[in-house]
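Computed from a predicted model, the values in this text were never measured in an experiment.
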Amino acid sequence: MPEAPQMLVYALEVVGGILLLFLGGDLFVKGSVTIATICGIPQLVIGLTVVAFGTSAPELFVSLSSIMQNADDLAVSNVVGSNIFNILVVLGCSALVLPLQVEHRLVRRDVPVLLAISSAAWGMASAGRMTWQAGVALLIGLAINTTWEVRSAREDHHANIAPGDGEVSTTPLMGRAMPIAVVQLVIGITLLVIGSRVLVSGASGAAAFLNVPQAVIGLTIVATGTSTPELITSVVATMKGRTDLAVGNVVGSCLLNLLMVLGASAVVSGQSGLQVSAELISEDLPVMMFATLVCLPIFWSRRSISRIEGGILLIVYVLYLTDNVLPRTELASWQDEFRFGALCVVLPVMLTVIVTQVLMYWRTRTSD
């Protein structure tokens, strides 16, 4: 009976790694925000850069650690799975708590940019290998997008604040906070490094033990674990009435996953490139594209995500998860029937609801 204890060790490594990533990411964000505030960086810029990068730190460290341990499939599937989880689960759960209001800027700019970058990433990976040159291109895109975000946000901010607002005050307490912030930053990075290594080790061991591809573990367990900060942040923001923050957090996180995490992973992979499995190219990357594409009509209709639409997003994720897990169970022979039923029943219902929402929106708009 040595197998059961060994599997228990892998499970504990996965859970322990996720907890370390969560704690490390939290300390990293707190320390970074404190240091940026003391240095006089505006809160708006901190939110768009430091906090955004901090919430994507678990995905970054896990993917880089995966490459160091020769687990390329885990690195890529972590990014793809995190984006699918963010759009379908984080938005779905947040919308069930409270209908989400969507800013016009997201529909006009951010979601189309996310769709374009998702298409570009899919194209770069379509040959089965993402080169370091492709990674450099994604990182350049990250720099351009971040600069654009900060400049446009600053313009909107200055247009809406009164003179004297938004100034950073300096007090002796802020000077004392600097050493604490540095300690938080160092401990946070340390926990992120350790947590990512433990999580990748446990996930790789579990995949080998269960004879399951690493990509499946990355798309499900690892992606869920690394996306926990986004889920908690969005749900809490929604409960506090900040639905715009919840939606922006999801879109921003998806952009960073593709530009920063995938880009850095491809660069670190070096001359050999980042290997991408055929299943990811033919099945999971198209699902990521479909989830991103669905955002446009949902966001466009009334510029909100209703509870019904949130429920549909969650149902789609359950179907996607079932499709990944089903072939590894005793019901593997039913996968074709399951896919046929999902395409013939669920997809038409989902499209009908979205089209109805759009038509109702236009009818209301024309009557006004």
side-chain contact (heavy atoms from CB on, under 4.5 Å) test vs S234 passes for just one of V250, V247, V97, namely V250
Would you mind reporting whether V216 and E279 have side-chain heavy atoms less than 4.5 Å apart?
-> no
Between the main-chain N or O of E59 and the side-chain N or O of N78, is there a donor-acceptor pair closer than 3.5 Å?
-> yes
Is it true that a side-chain atom of S126 and a backbone atom of G123 form a donor plus acceptor pair closer than 3.5 Å?
-> yes
From L314, T322, I315, residue fulfilling side-chain contact (heavy atoms from CB on, under 4.5 Å) relative to V318 | T322
Would you sort out whether M289 and L115 count as a side chain to side chain contact (heavy atoms under 4.5 Å, CB included), showing the intermediate values?
-> CA-CA 7 Å; M289 281 293 304; L115 190 60; 3.8 Å; yes
List the atom of V268, the atom of M68, and the distance in Å for their closest heavy-atom pair.
-> CG1-CE, 3.8 Å
Are more than 12 heavy atoms from other residues, nucleotides or ligands located less than 6.0 Å from atom CZ of F22?
-> no
Kindly say whether A266 contributes a backbone atom to a donor-acceptor pair with the side chain of S269 at under 3.5 angstrom?
-> yes
State the CG-CG distance between L88 and L321, to the nearest 0.5 angstrom.
-> 10.5 Å
Should L91 and L231 be regarded as members of a common hydrophobic cluster, given that ILVMFWY residues are connected when their side-chain heavy atoms come within less than 4.5 Å of each other, either directly or indirectly?
-> yes
With a 4.5 Å limit on heavy-atom distance, are the side chains of L27 and L185 in contact?
-> no
Any side-chain heavy-atom pair of L258 and V79 under 4.5 Å = yes
Are the side chains of L199 and V14 in touch, meaning some heavy atoms are under 4.5 Å apart?
-> yes
Rounded to the nearest 0.5 Å, what's the gap from OG1 on T224 to CD1 on I18? Could you check?
-> 7.5 Å
Going from OG1 on T146 to CG on L142, what distance comes out if it is rounded to the nearest 0.5 angstrom?
-> 4.0 Å
Given S204 and L74, is the side chain to side chain contact (heavy atoms under 4.5 Å, CB included) satisfied, shown in steps?
-> CA-CA 8 Å; S204 300; L74 205 58; 3.9 Å; yes
In terms of side-chain heavy atoms, does T226 have a donor or acceptor partner in S82 at a distance below 3.5 Å?
-> yes
For L274, does its backbone N or O pair with a side-chain atom of R129 as donor and acceptor, under 3.5 Å?
-> no
Taking the side chain as C-beta and beyond, is there a heavy-atom pair between I217 and V222 under 4.5 Å?
-> yes
When you look at E309 and L313, which way does the side chain to side chain contact (heavy atoms under 4.5 Å, CB included) test go after all the steps?
-> CA-CA 6 Å; E309 291 165 337; L313 292 177; 5.7 Å; no
Ignoring hydrogens and geometry, is there a side-chain-to-backbone donor-acceptor pair from S63 to A75 under 3.5 Å?
-> yes
Shortest non-hydrogen separation from L139 to L259 and the atoms involved = CD2-O, 3.6 Å
Please check if the side chain of W122 supplies one atom and the backbone of I281 the other of a donor-acceptor pair under 3.5 Å.
-> yes
Is there a path of hydrophobic side-chain contacts, each under 4.5 Å between heavy atoms of I, L, V, M, F, W or Y residues, that connects L280 with F290?
-> yes
Once you round to the nearest 0.5 Å, how far does CG of D110 lie from SG of C254?
-> 11.5 Å
Minimum heavy-atom distance G311-L96, with the two atoms named | N-CD2, 4.0 Å
Heavy-atom pair of closest approach, residues T292 and S118 = OG1-OG, 4.0 Å
Provide the closest heavy-atom pair for T238 versus L100 in the form atom of the first, atom of the second, distance.
-> OG1-CD2, 3.7 Å
For the student: nearest non-hydrogen atoms of L285 and A125, plus distance = CD1-CB, 4.2 Å
For the pair S201 (side chain) and R197 (backbone), establish whether a donor and an acceptor sit closer than 3.5 Å, ignoring hydrogens and angles.
-> no
Side-chain contact test, heavy atoms from C-beta onward, threshold under 4.5 Å: evaluate it for V113 versus V251 and give yes or no.
-> no
Taking the side chain as C-beta and beyond, is there a heavy-atom pair between N257 and L262 under 4.5 Å?
-> no
What about V15 and V198, same hydrophobic cluster or not, with Ile/Leu/Val/Met/Phe/Trp/Tyr joined at side-chain heavy-atom distances under 4.5 Å?
-> no
According to a 4.5 Å side-chain heavy-atom criterion applied to Ile, Leu, Val, Met, Phe, Trp and Tyr, with indirect links allowed, do L191 and I180 form part of one hydrophobic cluster?
-> no
Dump the intermediate steps for side chain to side chain contact (heavy atoms under 4.5 Å, CB included) on S196 and L64, then the final yes or no.
-> CA-CA 9 Å; S196 63; L64 293 180; over 6 Å; no
Nearest 0.5 Å please: distance from the CD1 atom of I117 over to the CG atom of L255.
-> 5.0 Å
dist M124:CE -> S119:OG (nearest 0.5 Å) comes out at 11.0 Å
